[in-house]
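Here, residue 1 is the first one in the sequence, and each next residue gets the next number. In what follows, every heavy atom counts, from backbone to side chain, and hydrogens, waters and symmetry copies are set aside.
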Amino acid sequence: MHLNDFDSYIEICPPKEFNFEECLIFLGRSDQEVLHQIRDESVYKLLKVDKELILCKIGYVNNAIKVEFPISIPTSYARKKIGEYVWEWFGLSQNLEKFYQMAYQDKILQSLAHEYSGLRIIGIPDLFEALVWAIIGQQINLTFAYTLKKRFIEQFGEFLIFEGQKFWLFPSFKKIALLNIEDLKKLQFTTRKAEYIIDIAKAMAKGELSKEQLVQKKDFQQIHSSLLQFRGIGAWTADYVIMKCLHYPSAFPISDVGLHNALKNQLGLERKPTIEEIKEYAANWEGWQAYATFYLWRSLYDNEI
């Protein structure tokens with residue numbers, strides 16, 4: 001990580017394949033989002049380091065990501081932790097040269113790779129947040145998924161007020177582990193989803209599931225199998241979490257409806273492609289399936305506009 005600390009702000013030097021504007025378009029895709037706010041070409045995000053809530057203003061100046069602290073300047077330790085979070089959130093560890101070499105030769109990805117060049121997979125560094133968001137999104141449309149997420153955060157998350165605006169943190173698994181099913185059903189969660197989320201929170205509170213444990217496994221299949229042991233985590237959810245939280249570029253949520261719709265649009269098909277057809281289309285994407293999927297998802301916003 002390339003980080004310069006100027007006390008009152010930090011500066012992160014991203015790799016050359018980076019487009020902050022494209023990343024902001026992705027982050028701004030829902031007006032129901034409460035975990036960050038986009039204003040004046042910057043994204044405001046509340047983070048917690050140890051027990052301190054820190055509001056960050058993340059912008060892009062002179063080819064560097066600039067992180068400012070509108071309320072108070074955190075300690076040098078906290079600034080370093082924030083730098084690490086932003087580096088991971090924007091997926092800056094990934095060298096994309098080989099992805100672009102592949103994509104520029106691929107008939108499906110070619111135009112997308114040019115159009116969205118520098119877009120990175122915006123991650124979800126917190127495992128509990130990634131799992132809950134994936135479970136919320138199972139078998140419902142994205143708009144309602146965002147509504148449920150907003151209710152969940154505003155009911156159980158911490159917040160800080162700055163200039164009359166509330167900035168929220170995702171609820172901790174420790175807090176959710178203490179809830180009962182009815183607490184979530186009141187927010188219009190199904191019984192099943194309420195059970196899954198609370199069970200996962202309890203498993204994390206007991207130390208049976210953590211990001212550190214998954215990262216240590218190193219092997220994609222081992223991680224996938226260990227996630228599938230928890231109720232509510234199927235193949236799609238596991239792939240999504242491995243892609244967005246553990247940053248495996250080969251994770252491939254092949255059953256994803258958004259992916260199917262994007263391929264249908266890109267290829268001008270009459271119907272959504274079958275899984276077998278998708279495997280054929282993806283034959284060249286080996287090692288980069290997550291990025292191919294993410295760029296295809298990105299194409300969906302252009303079709304909506």
Within 45° cone of [Y] ring axis and under 6.0 Å: [X] NZ or CZ:
{"X": "Lys45", "Y": "Trp168", "value": "no"}
{"X": "Lys175", "Y": "Phe156", "value": "no"}
{"X": "Lys149", "Y": "Trp133", "value": "yes"}

Can a donor-acceptor pair be found, under 3.5 Å and without considering hydrogens, that links the side chain of [X] to the backbone of [Y]?
{"X": "His260", "Y": "Ile254", "answer": "yes"}
{"X": "Arg79", "Y": "Ile10", "answer": "no"}
{"X": "Asn180", "Y": "Asp183", "answer": "yes"}
{"X": "Tyr60", "Y": "Asn19", "answer": "no"}
{"X": "Gln266", "Y": "Ser299", "answer": "no"}

State yes or no: do [X] and [Y] share one hydrophobic cluster built from I, L, V, M, F, W and Y residues joined by side-chain heavy-atom distances below 4.5 Å, directly or via other members?
{"X": "Trp89", "Y": "Ile25", "result": "no"}
{"X": "Val43", "Y": "Leu3", "result": "yes"}
{"X": "Leu46", "Y": "Val67", "result": "no"}

Parallel, tilted or perpendicular: which one describes the rings of Phe26 and Tyr301, with boundaries at 30° and 60°?
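Taking Tyr301 first and then Phe26, their aromatic rings sit tilted (interplane angle of 30° to 60°).
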In terms of ring plane angle, is the pair Phe90 and Phe18 parallel, tilted or perpendicular, where the classes change at 30° and 60°?
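Aromatic pair Phe90/Phe18 classed perpendicular.
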Aromatic ring proximity His114/Tyr104, centre distance under 6.0 Å:
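Ring-ring flag for His114/Tyr104: true, centres closer than 6.0 Å.
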Could you tell me if the ring centre of Phe99 sits under 6.0 Å from that of Tyr295?
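Aromatic pair counts; centres sit under 6.0 Å.
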Show your working on side chain to side chain donor-acceptor pair (under 3.5 Å) between Gln188 and Arg151 and close with a plain yes or no.
CA-CA 9 Å; Gln188 274 192 295; Arg151 287 175 190 164; 2.7 Å; yes
Got more than 12 heavy atoms from elsewhere within 6.0 Å of NZ, Lys48?
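Enclosed: over 12 neighbouring heavy atoms sit under 6.0 Å from NZ of Lys48.
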Please determine whether the number of non-hydrogen atoms from other residues, nucleotides or ligands lying under 6.0 Å from atom CG of Asn141 exceeds 12.
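Yes.
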Please assess Trp87 against Ser93 for the test side chain to side chain donor-acceptor pair (under 3.5 Å), listing each intermediate value before the final yes or no.
CA-CA 7 Å; Trp87 183 266; Ser93 290; 2.9 Å; yes
Pairing of Lys217 and Glu212 as salt bridge, 4.0 angstrom limit
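Looking at Lys217 and Glu212, the cut-off is not met.
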Flag the pair Arg39 and Glu163 as a salt bridge only when some basic side-chain nitrogen lies within less than 4.0 angstrom of an acidic carboxylate oxygen.
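Looking at Arg39 and Glu163, the cut-off is met.
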Check whether the side chains of Arg29 and Tyr146 place a donor and an acceptor atom closer than 3.5 Å, and report yes or no.
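Yes, side-chain donor-acceptor contact under 3.5 Å.
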Polar contact flag, side-chain donor to acceptor under 3.5 angstrom, Glu17-Ser117
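No donor-acceptor contact under 3.5 Å links the two side chains.
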Of Arg120, Lys211, Lys244, which meets salt bridge (Lys or Arg N to Asp or Glu O under 4.0 Å) against Glu88?
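Option passing the salt bridge (Lys or Arg N to Asp or Glu O under 4.0 Å) with Glu88: Lys211.
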Which atoms form the tightest heavy-atom contact between Lys272 and Lys264, and what is the distance?
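Nearest pair, atom of Lys272 first, then Lys264: N-CD, 3.8 Å.
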Heavy-atom closest contact (Leu55 atom, Pro70 atom, distance):
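Looks like O-CD, 3.3 Å.
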